[in-house]
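Below is one structure, written out as structure tokens; the observations come after it.
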Amino acid sequence: KMLIMTHQLSRTGAPMALFTMAKVLKEHCDILILSVEDGELRQDYIQMGIPVVISGRYWERSVIFKSVAKRFDGVVANTVLNFPAVMLLNGLEIPVFWWIHEHENYFEYGRGEIPNPHDFKDNVHVFAVGEYVQSVIREEFNYTADILRYGIPAPAQSEHIVKKDKERLCFYVVGSYGWEKGQDLMVRAYSMLPQSYKEVIKIIFVGNEKERDEDIYQMVAKLCKMEANAVMEPLMPRDKIFRKYQEADGIILTSRREVLSMAVLENMMLKKCVLVSDGSGNCSYIEDGVNGYCFENENVKDLVEKIKLIYDNRKELPVIGENAKKVYDTYFSMETFAKSVEKRVLAYII
């Protein structure tokens, strides 16, 4: 029996990564999800036959929490936000797997409170979701966490979707409108493109229109009013955006700071072209011009030049897409992820 703890149940990065882990663990264990906050992902767990308990800040009822945790054969704590629960379980006779997804800001805010992994007993195992997070933990605590990357499930549909727009290259820019996601960089870059490129490159912004930075949202909205090939679309379910990705040429990640974008990995899985900021952990997996492209973080001119380069070398996009798929297969397929979970988690409890 496995207890899986999370801070929330939205269909966003870290909660979705945990959902993929639950899929793997369910093949071997009975699972209970314990979450601080509710969200749309709860229905996905229930449909998969996994019970969910919404319990607020469960670690504050420490005696009850530890009593419940001891009934399980292992505990997964998702994200750095679960550090109070990990501290309570430290030293107990139960394996605890703390899976950290966050960038350096979280550790700066929590400095003095977030425990040093060096202080844990042998029952606590600390994992970083990738090289980016591993380097953050090493910088903060001089501790090298084991890497446990997440898996990206392949889309359910098997149909081959043909790109409809033959005249233009179409790229998605996906993420909540805000400073960290850097849509303002994309706005400035597109505005700087020569008109001849604007006519053949379409940019599609997708983001949460309710939770947003108003200034950046309005920058994007203004661009889309001025430019025929810049458009905005609302958030959409995963199956729908997968279809959109398949009809497009790829994705552009302008994030100033991003641990590991699922949207980029999904596009690599679909053999699409990805252009990512080197402020993201995704850049660790990109060989420029071979399986994707990287641009210098916050360097708008470099972003402009890379967009132009992609268009000028558009005949190479199928080869780049094939190479991108190899990166997905090697590091982020569900088969690779399942083997990693079996080695790093299940080996301690079965």
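Not measured: the values here are computed from a predicted model.
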Pair Asn78-His101, side-chain donor/acceptor within less than 3.5 Å: yes

Residue pair Glu104 / Tyr132, side-chain donor-acceptor N/O under 3.5 Å: yes

Any donor-acceptor N or O pair under 3.5 Å, side chains Ser280, Ser277: no

Residues Asp288, Lys306: salt bridge by 4.0 Å N-O rule: yes

Cation-pi geometry met for Arg314 and Tyr311 (6.0 Å, 45°): yes

Which atom of His7 lies closest to which atom of Asn82, heavy atoms considered: N-ND2, 4.0 Å

Any side-chain donor near an acceptor of the partner, Arg149 and Tyr285, under 3.5 Å: yes

Residue Glu139 excluded, over 12 heavy atoms near CD under 6.0 Å: no

Asp312 and Lys308 ion-paired at < 4.0 Å: no

Aromatic centroids of Phe19 and Tyr45 separated by under 6.0 Å: yes

Sidechain N-carboxylate O distance under 4.0 Å for Glu266, Lys272: no

Ring center gap for Tyr245 and Tyr172 short of 6.0 angstrom: yes

Charged N-O contact under 4.0 Å between Arg256 and Asp184: yes

Check: Glu93 main-chain N/O paired with Asn123 side-chain donor or acceptor under 3.5 Å: no

Nearest non-hydrogen partners of Thr336 and Thr330, listed with the distance: CG2-O, 3.4 Å

Parallel, tilted or perpendicular, as decided by the 30° and 60° cut-offs, for the rings of Phe127 and Phe97: parallel

Ring geometry between Phe337 and Trp99 (parallel below 30°, tilted from 30 to 60°, perpendicular above 60°): parallel

